[in-house]
*Asks:* 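The structure follows.
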Amino acid sequence: MIYKQFQDVKLSALGFGCMRLPVKNGVYADIDEEAAAEMIDFAMKSGVNYYDTAWGYHDGMSEIVMGKLLKKYPRNSFYLASKFPGYDLGNMGKTEEIFEKQLVKCGVEYFDFYLFHNVCEMNIDAYLDDAKYKTFDFLIKQKRNGRIKHLGFSAHGDLNVMKRFLAEYGEYMEFGQLQINYLDWEFQDARKKAELLKEHNIPVWVMEPLRGGKLASLAKEYEETLKKLRPNEGTPAWAFRFLQTLPDVVVTLSGMSDMAQVKDNIKTFEKAEPLNKTEMQTLLDIAERMTGKSKLPCTACRYCTSHCPKGLSIPELISLYNEHRFTGGGFIAPMALSSYEKDKLPSACVGCRSCEKVCPQGIKISEMMKDFTLRLKEE
Ligand code: SF4
Ligand code: SF4
């Protein structure tokens, strides 16, 4: 395992993201604890020492299960990260209440790493309004009393949002977690965001290295191009090699869902094999060609779902929409939708756009629902 020095600790360059743990019967909250335990045990044995959970992952169950699974290991043998769920404005002002619950859920006395979760357009005013909500005030006190060892933030907002956040709190932020992958390097300004952190001397943590699994496999033509350069490298490994090439990246989080992914990722992080100039250019060229395509870039982060007054399963519907549009119709989407209640279909969308305000990918969800409804009617 590659380790990176961060202040006085050595962190595994691969961090275990705990938002896509294996589940039973496709139910997001029903984590398959047995399967997850095997994965965590393997990761621990292989030297992964960073585990990243959050209040909302697996509808609140990730913190509980991770606390349980890590319990058998000495507290100083792993680093546990969690986050204040400011992606939901209803949580603003409840920092203390939530933080105390998180410690109990995880069964720990302190968090090694704690983040302002998802600094973005929707919550930046509230995050900055400390006179009212006291989020920073509370968290910095926890940092000082040792219940938070390292304070940082994750951000899906645009560059201006990040600049506003850092202008206020930058000097206190010890790390910043960004969505960085070769697809978003230019497409979603990841390069500029990483440069902004560098200006503030803040080390980079990476989330969504595979863009929610989208970079785990590529179109055949792209995979063939990459194979010619590195015949023995798997497609997901290319995404990690890209990140190993960026000098300011400390931890790369990967939300692993099965043992095969755990093993594959750990193998990739046995040794850093950064890309050379030709490889880097080839990868960025592929990214440019891919982003020119029309697929909606949902990462299944699920920030939107709690904001939908109709309770629609937005990421699942987007996934079906992508499939349906890409195939030009077909039976898969109608077949899947036949198991939905009528008031959970795309046609139930009332176009309120609450979901769009929190979507880190800027997806025009209401338009998608309308288009999907029309496409389904036309068949
Ligand atoms: S626009 Fe549609 S999908 Fe989005 S929150 Fe409103 S009802 Fe739900
Ligand atoms: S639509 Fe946006 S907010 Fe909702 S799951 Fe997809 S990426 Fe996340």
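Numbering starts at 1 and runs along the sequence shown. Since this is a predicted model, take the numbers as computed values, not measurements. As the structure lists them, so they are numbered: ligands from 1, and atoms in each ligand from 1.
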*Asks:* What is the closest protein heavy atom to atom 6 (Fe) of ligand 2, and at what distance does it sit?
*Replies:* Cys298 SG, 2.3 Å

*Asks:* With no hydrogens and no angle check, do the side chains of Tyr182 and Trp238 hold a donor and an acceptor under 3.5 Å apart?
*Replies:* no

*Asks:* Distance under 6.0 Å and angle within 45° of the ring axis: does Arg302 meet both against Tyr28?
*Replies:* yes

*Asks:* On the six-membered ring of Trp55, is Lys101 placed so that its NZ or CZ lies under 6.0 angstrom from the centre and within 45° of the ring axis?
*Replies:* no

*Asks:* What are the atoms of ligand 2, with element, lying closer than 4.0 Å to any heavy atom of Ile365?
*Replies:* 1 (S)

*Asks:* Sub-3.5 Å donor-acceptor pair from the side chain of Ser46 to the main-chain atoms of Phe42, do we have one?
*Replies:* yes

*Asks:* Identify the residue among Phe113, Phe153, Tyr79 that makes a ring pair (Phe, Tyr, Trp, His ring centres under 6.0 Å) with Phe175.
*Replies:* Phe113

*Asks:* Could you find the nearest protein heavy atom to atom 8 (Fe) of ligand 2 and give me its residue, atom name and distance?
*Replies:* Cys301 SG, 2.4 Å

*Asks:* Taking Thr299 for its side chain and Arg211 for its backbone only, find out whether a donor-acceptor pair lies under 3.5 Å.
*Replies:* no

*Asks:* Give the residue, atom name and distance (to 0.1 Å) of the protein heavy atom nearest atom 7 (S) of ligand 1.
*Replies:* Val350 N, 3.4 Å

*Asks:* Would you call the rings of Tyr169 and Phe165 parallel, tilted or perpendicular if under 30° counts as parallel and over 60° as perpendicular?
*Replies:* perpendicular

*Asks:* So which heavy atom in the protein is nearest atom 2 (Fe) of ligand 2, and how far is it from that ligand atom?
*Replies:* Cys359 SG, 2.3 Å

*Asks:* For atom 5 (S) of ligand 2, what's the nearest protein heavy-atom neighbour? Residue, atom name and distance, please.
*Replies:* Arg302 N, 3.3 Å

*Asks:* Distance under 4.0 Å to a non-hydrogen atom of Pro360: what atoms of ligand 2 satisfy this?
*Replies:* 3 (S)

*Asks:* Report the nearest protein non-hydrogen atom to atom 4 (Fe) of ligand 2: residue, atom name, distance rounded to 0.1 Å.
*Replies:* Cys304 SG, 2.2 Å

*Asks:* State the atoms of ligand 2, each with its element, that fall below the 4.0 Å cut-off from a heavy-atom position in Pro315.
*Replies:* 5 (S)

*Asks:* Checking a contact table here: which protein heavy atom is nearest atom 1 (S) of ligand 2, and how many Å away?
*Replies:* Ile318 CD1, 3.4 Å

*Asks:* Of Lys83, Lys105, Lys68, which meets salt bridge (charged side-chain N to carboxylate O under 4.0 Å, His left out) against Glu63?
*Replies:* Lys105

*Asks:* Which of the atoms in ligand 1, numbered in the order shown and given with their element, are less than 4.0 Å from a heavy-atom of Arg353?
*Replies:* 1 (S), 6 (Fe)

*Asks:* Please identify which atoms of ligand 2 are closer than 4.0 Å to at least one heavy atom of Gln361.
*Replies:* 7 (S)

